[in-house]
Amino acid sequence: MEQLIKRMVFESYGVGKYYDSHIASTTYLLRTMKYRIPQMGEDNIGAEAHTDKSFFTILHQNGVNGLEIKPNGVNGLEIKPKNGDHWLRLQFSPNSFLVMAGDACLAWSNGRIHSATHRVMIEGSKERYSTALFSYHKGIIDIPQELVDEQHPLRFHSFNHYGLLGYFSTHHSDKMPSTANAYCGV
Ligand SMILES: O=C(O)CCC(=O)C(=O)O
Ligand SMILES: [Fe+2]
């Protein structure tokens, strides 16, 4: 599924010729999460607000909602609100998968594909389970020159995806909302 979506994205941006070499260097991490019901006195934050550092994340959940997306700054999606400072709770059926762009995709696309800020809030009386497939890239990710033009001046330099992960693990803080900008922003 990740590869199919990547092919669709690459082809829709007219850069399908880079797809094969990109896939050849793609790596994956599969992680399952259990969010238990908060005990008395605990807050209900399952995962703090963040953007993923992956290229893509594909999420599946056990029918218990809780994932919330901050629509602030989303371009071109119909969910753009007048006041972008609230959280949208996602409701997706137990047999669906959610595909989200991460910071590597944001940089690769020269800022055209948004990596949404999201968090997990646990409410109700059912434990939540989710499984996430994160895709990464071995080696350097180049920004396709076709995605740079007068309306979209170069925003990111070529970058090492594992380098971005390392940078995030040593530098992240609430005051630095975009790891991609800090690590490889122009
Ligand atoms: O459990 C979820 O739905 C999301 C988890 C998540 O955002 C993450 O692991 O990066
Ligand atoms: Fe995430």
Side-chain angles (χ1 to χ4, degrees), residues 1-9 22-23 25-74 77 79 81 84-108 113-138 141 160-183:
M1 189 195 288
E2 197 269 348
Q3 298 187 357
L4 181 68
I5 290 158
K6 197 172 272 174
R7 184 189 285 279
M8 287 161 60
V9 169
H22 195 98
I23 284 296
S25 299
T26 298
T27 59
Y28 297 98
L29 172 72
L30 183 71
R31 191 168 71 199
T32 294
M33 273 95 33
K34 173 182 175 181
Y35 300 93
R36 60 176 176 75
I37 302 152
Q39 307 296 300
M40 192 93 94
E42 285 182 342
D43 63 34
N44 59 347
I45 300 175
E48 299 275 359
H50 65 282
T51 59
D52 287 354
K53 310 304 157 214
S54 54
F55 196 92
F56 284 134
T57 303
I58 301 184
L59 274 170
H60 181 65
Q61 68 175 25
N62 68 332
V64 180
N65 292 319
L67 183 65
E68 300 185 338
I69 295 235
K70 199 163 202 180
N72 194 7
V74 175
L77 285 181
I79 55 171
D85 214 30
H86 61 273
W87 290 91
L88 277 186
R89 164 130 331 181
L90 300 183
Q91 311 220 334
F92 48 112
S93 76
N95 50 7
S96 60
F97 293 86
L98 178 87
V99 179
M100 209 164 26
D103 285 4
C105 184
L106 165 81
W108 169 81
I113 300 177
H114 181 71
S115 68
T117 301
H118 55 284
R119 67 180 183 181
V120 178
M121 299 297 279
I122 303 303
E123 278 154 20
S125 55
K126 272 181 141 177
E127 280 171 344
R128 177 171 188 271
Y129 292 86
S130 68
T131 297
L133 180 77
F134 301 96
S135 66
Y136 300 101
H137 192 91
K138 267 186 293 197
I141 296 185
N160 183 309
H161 196 171
Y162 288 178
L164 184 145
L165 300 180
Y167 182 84
F168 173 69
S169 67
T170 49
H171 289 75
H172 76 283
S173 88
D174 295 344
K175 294 190 188 66
M176 197 184 70
S178 173
T179 307
N181 273 319
Y183 181 64

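Values below: every heavy atom of this structure, side chains too, minus hydrogens, waters and symmetry copies. Quantities reported herein were computed from a predicted structural model and do not represent experimental measurements.
If you take CG on Leu106 and NE2 on His114, they are separated by 8.0 Å, rounding to the nearest 0.5 Å. How far OG1 of Thr179 is from CG of Asp103: 5.5 Å, rounded to the nearest 0.5 Å. In this structure, Thr131 OG1 and Ile58 CD1 are separated by 12.0 Å, a value rounded to the nearest 0.5 Å. Note: Leu59 CG to Phe97 CZ = 10.5 Å, rounded to the nearest 0.5 Å. The structure places NZ of Lys126 at 10.0 Å from CG of Asn65, a figure rounded to the nearest 0.5 Å. Going from atom CD1 of Ile37 over to atom OH of Tyr35 covers 14.5 Å, rounded to the nearest 0.5 Å.
The closest donor-acceptor contact from the side chain of His60 to the backbone of Ser96 lies under 3.5 Å.
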Going through the checks in order, is the side-chain contact (heavy atoms from CB on, under 4.5 Å) test met by His118 and Asp52?
CA-CA 9 Å; His118 55 284; Asp52 287 354; 3.0 Å; yes

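For Arg7, the salt bridge (charged side-chain N to carboxylate O under 4.0 Å, His left out) partners are Glu11, not counting sequence neighbours. Scored by the salt bridge (charged side-chain N to carboxylate O under 4.0 Å, His left out) test, Arg31 finds no partners at all (sequence neighbours excluded). Among residues two or more places apart in sequence or in another chain, the salt bridge (charged side-chain N to carboxylate O under 4.0 Å, His left out) test is passed with Glu48 by none.
Ring geometry, His22 versus His137: the interplanar angle falls from 30° to 60°, so the pair is classed tilted. The aromatic rings of Tyr162 and Tyr136 lie perpendicular to each other, with more than 60° between the two planes, well past the 30° mark.
Counted by atom type alone, Ser54 and Ser135 present zero donor-acceptor pairs between their side chains at under 3.5 Å.
Glu127 has no carboxylate O lying under 4.0 Å from a charged side-chain N of Arg36, or vice versa, which leaves the two without a salt bridge.
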